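First the structure, in the form of structure tokens, and then the observations on it.
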Amino acid sequence: MTAQAVPVQVFFGEDLHNSRSTRLPSTPNATAAEAEFLARLSGTGTEDFESFSPGSVSSLELTFPGSMGSSITASLSNPSGSSIGVTNLGSGTNGFGRYPISGDHYLDVDGANFAISFDSDIAAFGFYGIDIGDFGGALSLELFGFFLSDRL
């Protein structure tokens, strides 16, 4: 069986905010993009990092629902060797504008890169990013081992 090319679909919603100390009261653009993304899928899973203890580690193992009752495991790591960590923040921000979207925990990456490796094929991937442009940062997405008909 040959892999079938499908066009890449990007669902993007940005809600600008320039405060280092207060959270956005709502995220209508990001919420609308998430709803449009999830409406095209079934059997999805969302990781909010609430089940992880706060602290720095070299990698995190995540589990998502897969098709036909199976699970998909994802390993999240920082290829540069710097740590990644889960931060617990009940209210406000960390002083630099970072905070969780839901719950009290969020992922914090120390360094320029992080990688997510899945143990089997996935049909979709989405995430919320808070304060990505901090300190001159930028977001780029590289996909490896996938057959795509379009480039991101």
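Keep in mind that this is a model prediction, so the values were computed, not measured. No hydrogens, no waters, no symmetry mates; every other heavy atom, side chains included, goes into these values.
- Expressed to the nearest 0.5 Å, how far CG of Leu62 lies from OG of Ser117 amounts to 11.0 Å.
- For the atom pair OG (Ser56) and CG (Asp108), the distance works out to 8.0 Å, reported to the nearest 0.5 Å.
- In this structure, Gly13 and Ala33 approach most closely via the heavy-atom pair N-CB, 3.6 Å.
- Here Phe127 contributes atom CZ and Ile101 contributes atom CD1; the two are 11.5 Å apart, rounded to the nearest 0.5 Å.
- The backbone N or O of Phe49 sits less than 3.5 Å from a side-chain atom of His105, completing a donor-acceptor pair.
- Proximity of a side-chain donor or acceptor of Tyr99 to a complementary backbone N or O of Leu24 within less than 3.5 Å is detected.
- For the pair Phe64/Thr73, no side-chain contact is recorded, criterion being any heavy-atom separation below 4.5 Å from C-beta on.
- Here the side chains of Val57 and Ile84 are in contact, with some heavy-atom distance below 4.5 Å.
- Ring planes of Phe125 and Phe118: perpendicular class, angle over 60° (limits at 30 and 60°).
- The minimum heavy-atom distance linking Gly97 with Ile130 is given by the pair O-CG2, 3.5 Å.
- Closest approach of Ile72 and Ser120 over heavy atoms only: CG1-OG, 3.5 Å.
- A distance of 9.0 Å separates CZ of Arg98 from CZ of Arg20, quoted to the nearest 0.5 Å.
- Put simply, CG on Leu60 and CG on Asn78 are 11.0 Å apart, with the number rounded to the nearest 0.5 Å.
- Of all non-hydrogen atoms in Leu89 and Arg23, the two that sit nearest each other are O-NH2, 3.1 Å.
- Here the side chain of Asn29 pairs a donor or acceptor atom with the backbone of Glu14 at under 3.5 angstrom.
- Pairing each heavy atom of Pro65 with each of Gly43, the nearest pair is CG-O, 3.4 Å.
- Not one N or O on the side chain of Ser26 forms a donor-acceptor pair closer than 3.5 Å with the backbone of Pro28.
- No donor-acceptor distance shorter than 3.5 angstrom exists from the side chain of Thr27 to the backbone of Ala30, with no hydrogens or angles considered.
- Using a 4.5 Å cut-off on side-chain heavy atoms (C-beta onward), Thr93 and Thr22 make no contact.
- Interatomic distance, CD of Glu61 versus CZ of Phe52, reported as 8.5 Å (0.5 Å rounding).
- A 4.5 Å side-chain heavy-atom check between Leu76 and Phe114 finds at least one atom pair inside the cut-off.
- The two atoms that bring Ser75 and Ser59 nearest to each other are OG-CB, 4.4 Å, heavy atoms only.
- Between the side chain of Asn88 and the backbone N or O of Pro54, no donor-acceptor pair lies under 3.5 Å.
- Under the 4.5 Å side-chain heavy-atom criterion for grouping Ile, Leu, Val, Met, Phe, Trp and Tyr, Ile122 is not connected to Phe37 through any hydrophobic cluster.
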